[in-house]
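Taking it in order: structure first as structure tokens, then the write-up.
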Amino acid sequence: MADELDATIYYDDDADTGYLDDATVAVIGYGSQGHAHAQNLNDSGIDVVVGLREGSSSRDAAKSDGLSVATPPEAAAQADVVSILVPDTIQPTVYDQIENELDAGDTLQFAHGFNIHYNQIQPSDDVDVTLVAPKSPGHLVRRNYEADEGTPGLVAVYQDVTGDAKDQALAYAKAIGCTRAGTIETTFREETETDLFGEQAVLCGGVTSLVKQGYETLVEAGYSEEMAYFECMNELKLIVDLMYEGGLGEMWHSVSDTAEYGGLTRGDRVVDDHAREQMEAVLEEVQDGTFARQWITENQAGRPNYDQIKTAEENHEIEAIGEELRGLFSWADE
Ligand SMILES: NC(=O)C1=CN([C@@H]2O[C@H](COP(=O)(O)OP(=O)(O)OC[C@H]3O[C@@H](n4cnc5c(N)ncnc54)[C@H](O)[C@@H]3O)[C@@H](O)[C@H]2O)C=CC1
Ligand SMILES: CC(=O)[C@](C)(O)C(=O)O
Ligand SMILES: [Mg+2]
Ligand SMILES: [Mg+2]
């Protein structure tokens with residue numbers, strides 16, 4: 001989509017946390033994203049209240065991190081911005097609990113557009129609806145912030161009743177460290193579809209399948225599990241670190257000519273036209289709602305397939321050998 005190539009990217013100088021000076025932000029949920037947003041906002045001087053159920057095991061964690069905790073409806077009642085950071089499948093239920101606590105002109109905010117884009121939450125038309133989505137696992141959002149580094153993010157506005165929706169979302173992005181690294185302006189649709197595609201085909205799904213297939217190929221050919229683990233999983237991080245620092249070029253520069261020639265001539269044989277066709281099919285299922293419907297139905301049914309494939313993944317041989325080997329690393333915790 002050529003018209004989406006020229007992204008607008010915002011940095012610290014483009015954002016003003018003043019848009020949150022008089023605001024209280026309710027962070028609902030204290031998991032991967034929730035704990036990072038809440039602590040980063042708090043360290044940036046923003047008033048934060050964490051919304052968690054009575055009896056939630058995260059309550060103690062949030063309190064010991066120095067944050068005030070209330071139930072989701074209580075937190076939403078106190079807040080001007082309500083950031084929904086519970087799992088996507090739980091969000092519609094949590095929204096029902098807090099809906100009546102949103103005043104006209106308040107902001108309902110997400111870190112992923114799933115429930116808005118696929119119509120699982122229909123927000124009232126008198127609130128701003130925004131998205132601030134770090135392009136990173138939550139624990140690194142916190143770690144980067146503490147290291148005075150940033151995490152790239154996305155910002156989008158679905159509904160702007162106050163006229164300040166985008167400026168306030170950028171203020172939030174700045175306060176959690178996202179404008180330090182660059183925050184791209186997008187739409188709920190684009191964020192939702194690209195995020196789902198990326199995690200399914202490349203980041204989480206594609207890469208784990210590549211690792212497992214490589215590992216199994218070596219082990220089935222008679223090589224040791226230890227060799228296969230180091231070759232196909234451990235070293236992947238070292239190779240990706242080079243791509244992260246300097247692109248494909250820095251990685252190709254750093255590996256041997258032999259690796260470069262072999263990789264450039266064999267890589268496309270492994271991830272071939274068939275893989276590409278499957279990527280396009282996966283994207284289509286995201287775009288036409290097939291994936292969303294399947295995931296919602298799976299949850300309604302109590303996650304029978306999810307539990308099964310999760311268990312199979314946990315029981316893969318590479319996990320046992322990996323745990324054993326990582327335990328022997330000299331820098332590992334005692
Ligand atoms: N995991 C990640 O790094 C990323 C997540 N996102 C998005 O951020 C949002 C939150 O995802 P995660 O941080 O992965 O969630 P998570 O699964 O880590 O967090 C769950 C938290 O929600 C709370 N919770 C769970 N069930 C609840 C209930 N019934 N009522 C109230 N609170 C409940 C608990 O505090 C729990 O710690 C999602 O929209 C996700 O797509 C976006 C970017 C990356
Ligand atoms: C970490 C992230 O950006 C993901 C993969 O999209 C997610 O956890 O949903
Ligand atoms: Mg993502
Ligand atoms: Mg995601």
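Atoms within each ligand, like the ligands themselves, are counted from 1 in listed order.
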### Message
Once ring pair (Phe, Tyr, Trp, His ring centres under 6.0 Å) is applied, what residue pairs with a partner in residues 40-68 remain, sequence neighbours excluded?
### Response
none
### Residue pairs fulfilling ring pair (Phe, Tyr, Trp, His ring centres under 6.0 Å) with at least one residue in residues 174-215, sequence neighbours excluded
Y158-F188, Y215-H316
### Task
Would you please determine whether D195 falls within less than 4.0 Å of ligand 2 on a heavy-atom basis?
yes
### Query
Heavy atoms, side chains only, cut-off 4.5 Å: are T8 and I184 in contact?
no
### Message
Within the 4.5 Å heavy-atom criterion, are F110 and V82 side-chain neighbours or not?
### Response
no
Hey, which atoms in ligand 1 end up nearer than 4.0 Å to a heavy atom of [X]?
| X | value |
| --- | --- |
| P87 | 17 (O), 20 (C), 22 (O), 25 (C) |
| G29 | 22 (O), 23 (C), 35 (O) |
| H112 | 7 (C), 39 (O), 41 (O) |

Out of [options], indicate the one that has the non-hydrogen atom closest to [atom].
| atom | options | result |
| --- | --- | --- |
| atom 39 (O) of ligand 1 | L154, I28, D88 | D88 |
| atom 19 (O) of ligand 1 | G138, G31, A61 | G31 |
| atom 27 (C) of ligand 1 | K135, R53, H139 | R53 |

### Task
Compute the minimum heavy-atom distance from P134 to ligand 1 and say whether it is under 4.0 Å.
yes
### Message
When you measure from the heavy atoms of A133 to every atom of ligand 1, does any distance fall below 4.0 Å?
### Response
no
### Task
May I ask you to check whether Q91 has an N/O atom sitting below 3.5 Å from an N/O atom of ligand 1?
yes
### Q33 N/O to ligand 1 N/O under 3.5 Å
yes
So which bit of [X] gets within less than 4.0 Å of ligand 1, heavy atoms only: side chain, backbone, both or neither?
| X | result |
| --- | --- |
| I90 | side chain |
| S32 | both |
| L52 | side chain |
| S136 | backbone |

### Query
Looking at atom 8 (O) of ligand 2, what's its closest protein heavy atom, distance included?
E199 OE1, 4.5 Å
Please determine if [X] and [Y] form a salt bridge, counting it only when a charged side-chain N lies under 4.0 Å from a carboxylate O.
| X | Y | result |
| --- | --- | --- |
| D272 | R276 | no |
| K166 | D128 | no |
| K310 | E314 | no |

### Query
Which protein N, O or S atoms lie under 2.8 Å from the Mg ion (ligand 4)?
D195 OD2, E199 OE1
### Task
Please work out which of the three classes, parallel, tilted or perpendicular, describes the rings of H112 and F114, given edges at 30° and 60°.
tilted
### Query
Have E99 and S124 got a donor and an acceptor in their side chains that come within less than 3.5 Å?
no
Expected list for residues 203-213: side-chain donor-acceptor pairs under 3.5 angstrom, two or more places apart:
| residue | atom | partner | partner atom | Å |
| --- | --- | --- | --- | --- |
| T208 | OG1 | C204 | O | 2.6 |
| T208 | OG1 | G205 | O | 3.0 |
| S209 | OG | G205 | O | 3.3 |
| K212 | NZ | E313 | OE1 | 2.6 |

### Task
Answer yes or no on whether R293 is positioned over the face of Y118, meaning its NZ or CZ is under 6.0 Å from the six-membered ring centre and within 45° of the axis.
no
### Query
Is it true that a side-chain atom of T194 and a backbone atom of E190 form a donor plus acceptor pair closer than 3.5 Å?
yes
